[in-house]
**Q** 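Dropping a structure here in structure tokens format, bear with me for questions.
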Amino acid sequence: MLAKRSDRVLVQGITGREGTYWTEKMLQYGTRIVAGVTPGKGGQSVHGVPVFDTVEAAMLRRPAEVSVLFVPPMYAMAGACEATEAGIKNVVVLADGVPVHDTMVMLARASQYGARILGPNGPGMIVPGETMVGILPCWLEDVFRPGSVGVVSRSGSLGTAICHQVIRAGLGQSVVLGIGGDPIVGTTTREALEFFAQDGRTRAVVIVGELGGTMEEDAAPVVAEMGKPVVAFIAGGMAPEGKRMGHAGAIVEGDRGTVRSKTRLLAEAGAHIARTPNEVAELLSKAMKTNR
Amino acid sequence: MLAKRSDRVLVQGITGREGTYWTEKMLQYGTRIVAGVTPGKGGQSVHGVPVFDTVEAAMLRRPAEVSVLFVPPMYAMAGACEATEAGIKNVVVLADGVPVHDTMVMLARASQYGARILGPNGPGMIVPGETMVGILPCWLEDVFRPGSVGVVSRSGSLGTAICHQVIRAGLGQSVVLGIGGDPIVGTTTREALEFFAQDGRTRAVVIVGELGGTMEEDAAPVVAEMGKPVVAFIAGGMAPEGKRMGHAGAIVEGDRGTVRSKTRLLAEAGAHIARTPNEVAELLSKAMKTNR
Amino acid sequence: MRLYEYQAKWLFAAQGIPTPPGAVATDPEQAGAAAEQLGVPVALKAQVLAGKRGKAGGIRFAQDAAGARAAAHDILGATLNGFVVESLLVEQRLDIASELYLGITTDRSRRCPVAIFSASGGVEIEEVARSEPEKLIVMPIDVAVGFQTYHAMNLALRGGLGGKLLTAVADVASRLYDVYWQYDAEVAEINPLVVTQSGQVVAADARMSIDENALPRQKNLPKNAMPGSDLEIAAREQGLTYIPLDGDICILANGAGLTLATMDLIAAHGGRPANFTEVGGGNYLKARQSLAIALSRPRIKALFVNVFGAFARADHIADGFTQALVELKPDLPIVACIRGTEEETAWRLVRERLGIEPYKDMDLAAAAVVARAYGRG
Amino acid sequence: MRLYEYQAKWLFAAQGIPTPPGAVATDPEQAGAAAEQLGVPVALKAQVLAGKRGKAGGIRFAQDAAGARAAAHDILGATLNGFVVESLLVEQRLDIASELYLGITTDRSRRCPVAIFSASGGVEIEEVARSEPEKLIVMPIDVAVGFQTYHAMNLALRGGLGGKLLTAVADVASRLYDVYWQYDAEVAEINPLVVTQSGQVVAADARMSIDENALPRQKNLPKNAMPGSDLEIAAREQGLTYIPLDGDICILANGAGLTLATMDLIAAHGGRPANFTEVGGGNYLKARQSLAIALSRPRIKALFVNVFGAFARADHIADGFTQALVELKPDLPIVACIRGTEEETAWRLVRERLGIEPYKDMDLAAAAVVARAYGRG
């Protein structure tokens with residue numbers, strides 16, 4: 001599911017402005033970037049990373065386990081399909097603005113190939129001190145430090161802010177997963193929790209959620225069973241209720257999707273609910289002490 | 001791959017003129033027709049066979065192993081996809097005039113579901129004395145009789161005529177497979193031979209081919225290895241050479257596709273080549289005697 | 001982006017879904033003329049993007065052209081659930097035998113489209129969903145396969161239909177999916193799908209909303225103003241998300257999640273957020289427009305900027321909003337909390353251009369802005 | 001159904017594939033005018049459905065309008081590989097830097113579409129396929145996925161391209177697949193795909209043929225007469241397959257396979273088949289038209305009917321052709337061999353209506369018809 005230090009990483013769209021900038025940041029952090037892809041630019045190199053025209057061509061010469069896409073939203077589906085078809089099992093899609101229909105196609109194809117998508121519209125992931133794949137400000141030492149707290153966030157900026165709270169609590173992160181803020185994403189809160197439940201390094205989990213959708217509700221049963229303390233902050237309590245998509249939306253979501261429904265179900269499952277980002281630090285400190 | 005006496009058969013398009021006519025013929029022959037499907041006609045019955053609106057609905061009440069489609073060519077793809085999706089593993093498509101692109105989609109979907117298509121544009125199949133699925137004149141006693149000769153034919157009428165030659169030779173058929181005359185079919189000559197090679201009841205095989213495509217060439221290696229006598233009649237020696245589809249056609253088919261190339265490769269693989277339908281009977285008699 | 005009923009019906013009709021003959025009218029004369037041409041009786045339906053229109057008086061019937069003119073006169077210009085009625089859809093009135101429900105929507109939880117059908121349609125469908133869920137058939141759709149007629153047939157069959165009605169409804173359902181897929185819809189819904197006395201199946205209402213991320217490739221959609229205040233519309237025209245709220249502390253944050261959390265934080269400290277304005281992604285380039293819109297409302301007491309830069313770098317965002325504030329010169333207390341990628345450059349810009357010291361802890365910053373907004377600082 | 005070059009180019013251009021500016025001309029004046037409008041030099045290309053047109057003199061170049069008129073005068077009305085040239089495509093002449101080959105076709109053996117590319121295109125591509133097969137890249141296409149730009153990129157990359165040419169050719173290839181798929185093509189081919197001196201990629205020639213089974217759903221194709229004799233065209237217009245041959249024994253059989261075998265059988269007995277006419281499937285209803293066409297040729301010496309009824313029942317076919325022969329009253333020996341579904345009714349019809357005894361063994365029947373045709377019976 002996740003990148004390890006040993007995983008080799010491919011950067012799709014490496015020659016673009018953002019691709020080039022973040023490739024350097026990732027390399028500096030120690031991420032094993034083995035190749036980049038930009039059609040028509042095969043043979044060039046970016047920060048010493050060789051560029052290929054297609055993922056297939058890159059995989060022949062420089063096989064990788066993970067790919068991260070720096071491509072515009074309308075090209076994300078093709079990029080992700082190219083990666084999974086070429087045999088990459090973990091694809092990180094950062095783009096904000098991917099049409100939801102494209103995301104559905106992308107996920108259907110990925111599941112055919114036994115691949116997993118992280119995103120779209122997320123900042124990627126980091127194993128502090130080991131590897132970062134995406135656009136997280138990994139060099140900020142009061143945000144990311146190796147530790148035992150797993151963080152799963154639907155929001156990039158808020159997730160980063162919450163990671164700072166983990167550090168304020170005197171702790172660090174085992175893995176931070178930016179699952180993305182789109183209505184449909186490839187890796188859900190529930191799947192992230194299932195990973196954290198199994199992960200030996202993770203001793204506590206922070207869920208950063210927000211109103212809309214039912215990912216937090218769907219994750220509640222795992223919270224109840226995982227045997228590790230969980231702190232949750234669900235943003236949007238002050239926001240006006242989102243417009244429902246007709247009767248159809250009401251029928252498929254029922255009474256779920258509100259901050260109230262999410263916090264209620266998570267609390268019932270045993271999670272500690274933070275009302276502000278700063279409360280995350282306090283609740284986490286307390287929970288870790290109690291749990292010991 | 002093939003229907004056995006014990007297989008339960010569904011008839012899609014059972015309430016149409018042809019569906020009704022052939023359902024009666026199949027029932028009279030002993031085929032275990034358990035259900036029919038015509039959308040909007042659920043609840044009716046045809047020759048005592050209950051009709052359902054969809055294959056799914058039929059499968060819930062009357063599960064079947066085989067489905068045979070009496071539907072117009074433009075609806076064959078949807079009908080075959082419906083059947084495979086509902087869990088049917090053997091689908092017989094009779095329609096003549098199915099667009100080739102539809103056939104390709106149908107086959108791709110069938111392979112996803114682990115199903116096999118026989119046809120399109122074939123007459124179906126018969127295990128003489130046991131079961132007939134399709135539109136073969138099974139009641140003609142000098143055409144179909146139980147025996148030990150496997151027949152695979154790309155042509156309906158010619159295949160039937162050749163079956164009569166098998167009877168003339170004093171023999172009968174183990175299985176007759178009408179694989180269909182379209183450029184792309186779900187079950188190939190080669191796959192039919194692979195079945196006959198394994199089939200205990202089959203002691204000799206007749207291939208009824210025709211000019212065009214490379215199915216006979218592709219089957220030649222199996223002829224060489226199967227250890228059972230093979231007689232082949234390839235129609236079209238007198239026909240003007242078919243028009244090739246541009247350079248592309250020439251590139252993918254190369255020098256194959258002619259009656260000459262087919263008979264040469266089959267003969268080299270050890271098949272006995274009949275120049276006329278009647279020669280099939282003679283060659284078959286001789287081969288069976290020698291083989292004993 | 002939600003479409004008006006008449007726009008959705010254009011798309012449905014183009015895909016072969018039966019809709020009632022009708023015409024759009026923006027004044028009573030047009031409504032009367034439409035009634036005459038269509039033949040009476042007619043239904044006159046307010047074209048507003050709000051639900052429960054019928055209960056709010058937005059649907060009227062007329063027996064003749066004069067009646068249609070009178071009804072149009074009443075409805076046009078009236079305010080319905082907060083929206084001013086600017087146009088009507090005048091349609092032949094249907095002889096209703098029964099009302100069905102049919103919808104295709106994206107199911108976030110299943111991560112695929114779903115088709116929904118009920119033989120008990122009409123305005124009370126959500127009540128049916130609660131009290132008799134077995135009457136609602138929900139069928140997930142595999143996007144690799146689509147929603148073929150035989151899938152639609154199974155849907156309608158499970159919903160209890162048979163015979164000609166089964167095939168007619170299945171035909172509409174599979175066409176509705178085609179509309180949903182082709183136009184990148186979030187939802188395409190027919191409620192009620194009317195069965196007339198003569199056995200015809202007709203889409204009496206139509207609801208459709210389009211994924212805004214897909215608009216760049218949806219060139220053939222009807223041009224359409226979304227509902228909202230002038231400020232919301234101005235923001236949308238510039239590609240910004242701006243939702244006005246009741247409060248008085250103006251908020252600018254990056255990313256939807258952090259913006260929501262910032263609103264919560266302001267509220268937790270006793271403040272009242274005035275808006276949801278997001279400058280994530282590439283939108284930090286539009287900070288000036290965002291701020292101009294957000295600050296243009298009366299009674300704003302303070303501005304709170306909260307940035308945690310990642311992909312959108314903190315220095316880029318800071319460059320954008322500090323420049324904008326230098327130009328706009330708002331006469332307000334300003335509190336800025338900044339963290340993230342290239343934060344030191346960002347802090348320097350805030351100090352140099354705005355002459356204030358940026359916060360690094362958002363909790364302290366939120367407390368400060370609330371105190372200053374309400375004169376307690 | 002094969003399309004003319006100019007028709008295929010319309011479809012290609014509509015899908016965004018670059019084609020040379022050009023116009024169709026049916027007389028020398030039009031050709032001259034086109035040359036003036038396009039700017040010289042121009043290429044004038046005979047629009048016939050035959051290969052190796054260039055070698056047969058079907059392509060000419062002109063430096064000015066007068067030259068274009070003269071060239072058009074030479075080519076129009078000439079016979080090229082058996083086809084009369086009725087129209088020309090006048091195009092801007094390309095500055096050719098190199099010629100590539102690109103094609104999409106249905107691979108019967110792989111049972112899927114294939115994309116074919118070679119950096120060594122042009123008229124000798126089949127020679128390249130034989131002598132340097134490594135220069136031809138053949139890539140199978142999964143119809144569930146389609147041929148995306150990245151697949152096309154891999155194709156062109158394996159074929160040795162790089163840089164801007166790689167992306168330009170990949171773009172054309174993926175659009176070519178879209179044309180192939182959308183129009184139910186059997187083949188969509190560009191040979192040569194020209195790279196001009198200025199680095200543009202242009203479809204200099206275009207070949208496309210459509211699956212005739214798909215014509216009922218291909219409403220938007222250019223109307224187009226296929227090549228062939230008047231009789232072939234008459235047959236095709238009635239939905240029949242009729243191919244004239246050199247011989248003198250007219251054949252009517254059901255099913256393509258049996259028809260082919262019947263031709264072989266006539267030949268094996270020393271006869272000369274006059275035609276391929278199939279009445280399988282539902283076509284037995286058109287027996288009258290089939291026979292009228294087949295018998296209308298001069299020098300026919302006998303008629304051989306060979307039926308083995310299955311799906312198309314023997315009695316139905318017999319009913320059709322016996323009625324037709326009663327009407328047509330051909331002055332010829334007729335031999336009929338009939339077997340299959342409802343054969344006894346069929347035999348009775350043949351006896352009653354034609355006064356002849358049907359054969360049941362096709363070998364004996366074939367021997368009989370050959371003997372009677374050539375006066376040996």
Side-chain angles (χ1 to χ4, degrees), chain A residues 18 22 73-74 94 96-105 107-109 112 123 135-137 140 143 153-161 164 181 183-185 188 208 210-215 218 233 235-240 243 245-254 275-278, chain C residues 2 51 101 103-109 111-114 116 125-126 129-130 136 138 142-144 181 184 186-187 189 191 207 209 211 213-214 216-217 243 245 253-258 260-261 263-268 273 276 280-281 307-312 339-341 343 361-363:
Chain A
E18 300 290 351
W22 286 99
M74 289 300 176
L94 307 169
D96 176 9
V98 178
V100 172
H101 288 201
D102 283 8
T103 301
M104 293 191 287
V105 171
L107 297 188
R109 295 284 301 286
Q112 265 177 41
I135 51 172
L136 288 159
L140 296 177
V143 175
S153 175
R154 286 171 66 184
S155 157
S157 48
L158 178 59
T160 310
H164 169 60
I184 293 184
V185 291
T188 61
V208 186
E210 58 190 50
L211 83 170
T214 62
M215 280 212 295
D218 296 343
F233 174 69
M238 280 305 293
K243 279 151 194 156
M245 289 190 292
H247 297 288
I251 290 166
V252 298
E253 289 202 353
R275 284 163 307 152
T276 67
N278 277 26
Chain C
R2 189 163 160 198
Y101 172 89
I104 312 279
T105 192
T106 305
D107 187 329
R108 297 176 64 164
S109 189
R111 295 190 269 184
C112 68
V114 288
I116 309 172
I125 187 68
E126 290 179 39
R130 263 187 292 275
L136 262 162
V138 179
D142 178 348
V143 292
W181 190 257
D184 273 301
E186 296 167 330
V187 64
E189 187 175 67
N191 187 33
R207 177 165 181 149
S209 123
D211 178 1
N213 284 342
R217 70 178 173 202
I243 299 170
L245 303 171
N254 69 308
L258 188 60
L260 289 172
M263 288 158 52
D264 297 344
L265 197 56
I266 293 289
F276 175 104
V307 171
F308 216 115
F311 189 64
R339 293 302 316 271
T341 317
E343 58 190 7
D361 180 303
M362 68 171 91
D363 210 41

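Residue numbers begin at 1 in each chain, while the letters A, B, ... track the order of the sequences.
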**Q** In terms of heavy-atom pairs under 4.5 Å with chain C, which of Gly213(A), Gly237(A), Pro99(A), Ser155(A) leads?
**A**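 The option with the most such pairs is Pro99(A).
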**Q** Would you call the rings of His164(A) and Phe308(C) parallel, tilted or perpendicular, taking 30° and 60° as the class edges?
**A**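 Tilted: the ring planes of His164(A) and Phe308(C) meet at 30° to 60°.
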**Q** Is Asp211(C) in contact with chain A via its backbone, its side chain, both, or neither, using a 4.5 Å heavy-atom distance?
**A**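 Answer is side chain: those atoms of Asp211(C) sit under 4.5 Å from chain A.
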**Q** Any idea which heavy atoms bring Met104(A) and Thr106(C) closest together, and the distance?
**A**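 Taking every non-hydrogen atom into account, SD-CG2, 3.9 Å.
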**Q** Flag the one option from Ile125(C), Asp184(C), Ile116(C), Leu136(C) with the top tally of heavy-atom pairs under 4.5 Å to chain A.
**A**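 Option with the greatest count: Asp184(C).
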**Q** Looking at every non-hydrogen atom in both residues, tell me the closest pair between Asp264(C) and Gly236(A) and how far apart they are.
**A**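 Heavy atoms of Asp264(C) and Gly236(A) come nearest at OD2-N, 2.7 Å.
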**Q** Which one wins on heavy-atom pair count under 4.5 Å against chain A: Met263(C), Arg217(C), Arg130(C), Met362(C)?
**A**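 Most pairs with chain A among the choices: Arg217(C).
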**Q** Could you check which of Gly103(C), Ala256(C), Cys112(C), Pro273(C) has the highest count of heavy-atom pairs closer than 4.5 Å to chain A?
**A**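 That would be Cys112(C).
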**Q** Under a 4.5 Å heavy-atom cutoff, which of His101(A), Met238(A), Met215(A), Gln112(A) has the most pairs with chain C?
**A**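 Greatest number of close heavy-atom pairs with chain C: His101(A).
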**Q** Counting heavy-atom pairs closer than 4.5 Å to chain C, which one of Thr160(A), Val185(A), Thr214(A) comes out on top?
**A**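 The candidate making the most pairs under 4.5 Å is Thr160(A).
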**Q** Give the minimum heavy-atom separation between Ala235(A) and Gly257(C), together with the two atoms involved.
**A**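 Of all heavy-atom pairs spanning Ala235(A) and Gly257(C), the closest is CB-O, 3.8 Å.
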**Q** Test your reading of the model: is there a side-chain donor-acceptor pair from Arg108(C) to the backbone of Pro183(A), 3.5 Å cut-off?
**A**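 A pair under 3.5 Å: yes.
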**Q** Count the heavy-atom pairs under 4.5 Å between each of Val143(A), Asp102(A), Val208(A) and chain C, then report the option with the highest count.
**A**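 Most heavy-atom pairs within the cutoff with chain C belong to Asp102(A).
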**Q** Please look at Arg339(C) and chain A and tell me whether the side chain, the backbone, both or neither of the residue comes under 4.5 angstrom of a heavy atom of that chain.
**A**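 For Arg339(C), the side chain is the part near chain A, not the backbone.
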**Q** What part of Ala214(C) is in contact with chain A, defined as an atom under 4.5 angstrom from a non-hydrogen atom: side chain, backbone, both or neither?
**A**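 Both parts, backbone and side chain.
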**Q** Less than 4.5 Å apart, any side-chain heavy atom of Asp361(C) and any of Asn278(A)?
**A**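 Yes - at least one pair of side-chain heavy atoms lies under 4.5 Å apart.
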**Q** How close do Leu158(A) and Ala261(C) get, counting heavy atoms only, and between which atoms?
**A**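 Smallest heavy-atom distance, with atoms named: CD1-CB, 3.4 Å.
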**Q** Counting only heavy atoms closer than 4.5 Å, note whether Asp107(C) contacts chain A via side chain, backbone, both or neither.
**A**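 Interface part for Asp107(C): both.
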**Q** Checking heavy atoms, do the side chain of Ala161(A), its backbone, both or neither come under 4.5 Å from chain C?
**A**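 Looking at Ala161(A), backbone and side chain both touch chain C.
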**Q** Given the options Ala108(A), Gly97(A), Pro277(A), which has more heavy-atom pairs under 4.5 Å with chain C than any of the others?
**A**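 Option with the top pair count is Gly97(A).
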**Q** For chain A, which candidate among Ala129(C), Pro113(C), Ala268(C) shows the most heavy-atom pairs at distances under 4.5 Å?
**A**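 Most pairs with chain A among the choices: Pro113(C).
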**Q** To check you understand the geometry: which heavy-atom pair defines the closest contact between Val98(A) and Asn213(C), and what is its length?
**A**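 Residues Val98(A) and Asn213(C), closest heavy atoms: O-ND2, 3.3 Å.
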